[in-house]
Amino acid sequence: MHPFNFTIEQARAALDRGEITPVELTNKLFDRIEALENRIQSFITLDKEKALIQAGYAEDSIRRRIIQPLAGVPLAIKDNICTEGIRTSCSSKILENFIPPYDSTVTEKLKKQGCILLGKTNLDEFAMGSSTENSAFGPTKNPWDITRVPGGSSGGSAAAVAADLCIAALGSDTGGSIRQPAAFCGVVGLKPTYGRVSRYGLVAFASSLDQIGPITKSVKDSAILLNVISGPDPHDSTSAHLAVPDFTSVLGQEIKGMKFGVPKEYFIAGMDKEVEESVKHAIEKLESLGAVPVEISLPHTEYAVAAYYILATSEASSNLARYDGVKYGLRVESDELIDMYMKTREAGFGAEVKRRIILGTYTLSSGYYDAYYKKAQQVRTLVKQDFEKAFEKVDMIVTPTTPTAAFKAGEKTDDPLQMYLADIFTISVNLAGVPAISIPCGFTSQNLPVGLQIMGKHFDEETILKTAYAYEQATDWHMRKPEL
Ligand code: GLN
């Protein structure tokens with residue numbers, strides 16, 4: 001096995017046994033990045049110098065037997081998560097030269113546990129998109145087929161994990177941006193419960209929906225990273241004041257007798273037949289492990305995409321008001337203040353970001369607020385109630401992550417509505433605030449990965465991780481690697 005193929009678990013074991021040092025492992029990953037990155041384009045910024053310094057520290061703590069769950073483990077971070085002293089661009093021209101003077105809570109926590117930051121990964125500008133094509137730095141390619149998209153918006157992180165350019169990564173998920181790219185790239189992506197992980201230092205897109213989470217090669221790694229990044233944070237008033245369990249401790253427990261809901265609204269006409277088949281086989285596999293399927297209904301699913309694209313754009317229009325040429329990033333000079341604002345925003349934002357600011361400003365404007373924003377909030381409550389009702393009967397809900405496997409680059413770029421509809425199975429989870437994981441559950445005849453989504457109750461990541469782990473151990477989809 002090549003060291004770049006390591007999971008976190010395998011890397012830690014090899015590092016502790018002294019089979020490889022953190023510096024060697026970091027160099028191996030940079031060699032691989034150098035060899036493949038021109039084809040995948042998953043990183044926006046790499047920082048080998050800083051990474052090797054961190055590797056040196058990790059070597060020291062390993063030698064001194066200091067226990068750190070990530071000592072010497074090289075990770076990649078989505079470029080909308082602030083990293084002290086390393087550019088954080090959000091794939092936007094407006095933040096092209098923004099170097100945060102502070103760390104996000106998650107990167108601070110990762111560093112405290114000894115990890116090595118290789119660099120920052122590509123995304124759709126400000127995390128707005130489903131294909132990583134809306135990036136001011138160019139698109140990322142899917143390692144399984146470079147003519148296809150890796151999904152988005154955390155496409156850089158998912159592609160980097162799938163191509164073994166890092167051991168694991170962090171993404172962010174507002175409407176599916178961790179799970180959908182994980183599904184398209186054949187890796188594991190977890191969106192935690194809203195409030196489980198601090199958003200401090202995550203550049204805000206839609207604050208009531210955004211959540212940071214792990215993108216990994218295995219379910220165990222997902223639990224390991226979640227352990228490190230979770231917990232209350234005085235810097236984020238929406239972080240939950242709840243004790244964080246050891247998420248790895250439930251892995252390996254039986255799922256016999258557990259009930260999982262299968263919502264009829266998630267098996268729709270127009271869905272790819274091969275995706276549907278893979279998911280149905282996965283459901284049978286869960287049954288063979290002793291879990292019990294229950295037919296359920298999430299009746300407001302069909303309104304979720306519309307409600308999401310009103311709420312997310314409304315919040316975005318407000319959050320992005322701060323990029324005015326005064327406080328952060330780009331400034332286009334002018335003698336006149338308003339003109340300076342306009343020129344800066346015109347030059348700094350890409351087309352999709354502008355579209356969303358216009359949409360969100362419209363839905364919040366007086367006279368339209370009640371018809372759009374308020375209605376969408378009411379729909380959000382109904383979607384949330386759908387989940388509450390379902391979870392009275394079942395322990396979790398199992399669905400496809402996406403209606404199709406990875407689509408071709410350029411296929412949906414001219415049709416934003418088609419792009420928005422790609423999120424149909426992931427969005428409700430964010431509206432309800434519940435956790436969900438996507439794991440590999442098959443391949444299409446074109447050798448493209450298919451994702452299985454498992455949704456859980458609020459703050460019950462343990463059940464979905466346990467179930468995902470049981471499924472993973474009983475199958476070998478996660479062992480397949482793209483030919484690169
Ligand atoms: N694709 C969705 C959007 O464009 C979700 C993005 C996300 O989760 N950040 O808004």
Side-chain angles (χ1 to χ4, degrees), residues 77-81 90-92 121-135 139-140 149-158 169-185 189-192 194 197 199 202-215 304-317 319-320 349-360 363 376 380 401-404 406-407 411-413 415-438 451 453 455:
I77 307 290
K78 187 177 182 179
D79 206 25
N80 61 348
I81 298 173
C90 292
S91 290
S92 182
T121 54
N122 200 14
L123 63 149
D124 288 296
E125 187 175 357
F126 284 103
M128 298 174 186
S130 312
S131 66
T132 317
E133 291 169 297
N134 303 332
S135 166
T140 296
V149 303
S153 62
S154 315
S157 286
L170 288 187
S172 70
D173 190 314
T174 305
S177 278
I178 288 174
R179 292 159 287 152
Q180 185 254 23
F184 280 10
C185 293
L190 171 71
K191 186 207 83 84
Y194 184 80
V197 177
R199 291 183 295 109
L202 168 66
V203 178
F205 160 16
S207 312
S208 77
L209 301 158
D210 299 339
Q211 193 65 188
I212 297 170
I215 298 180
V305 172
Y308 168 88
Y309 276 96
I310 291 172
L311 297 172
T313 55
S314 298
E315 292 188 32
S317 72
N319 274 326
L320 270 55
F349 290 135
E352 181 62 24
V353 173
K354 285 178 185 153
R355 178 181 296 124
R356 300 218 185 181
I357 292 172
I358 293 168
L359 278 171
T363 52
R380 182 175 189 174
T401 309
T402 55
T404 67
F407 46 87
E411 193 181 310
K412 298 185 200 283
T413 37
D415 189 348
L417 269 183
Q418 280 308 313
M419 192 71 93
Y420 297 173
L421 283 168
D423 304 329
I424 184 154
F425 295 156
T426 49
I427 267 174
S428 299
V429 159
N430 301 76
L431 291 174
V434 296
I437 193 168
S438 177
Q453 178 170 236
M455 309 165 176

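Counting convention: from 1, in listed order, for ligands and their atoms alike.
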Among all residues two or more places apart in sequence or in another chain, which pass the side chain to side chain donor-acceptor pair (under 3.5 Å) test with [X]?
{"X": "T132", "value": "none"}
{"X": "R199", "value": "Y194, T238"}
{"X": "S131", "value": "E133"}

- Shortest non-hydrogen separation from D124 to G152 and the atoms involved: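 Scanning both residues, the minimum pair turns out to be OD2-CA, 3.7 Å.
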- Query: What residues sit with at least one heavy atom under 4.0 Å from ligand 1?
  - Reply: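 Under the 4.0 Å cut-off, ligand 1 touches A127, M128, G129, S130, S153, D173, T174, G175, G176, S177, F205, Y308, Y309, R356, D423.
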- Query: Measuring from S172:OG to N80:CG, what's the distance to the nearest 0.5 Å?
  - Reply: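 Rounded to the nearest 0.5 Å, the OG-CG separation comes out at 4.0 Å.
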- Quickly, which of S154, S91, S157 forms a side chain to side chain donor-acceptor pair (under 3.5 Å) with T121? Name it, please.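 So the option named by the test is S157.
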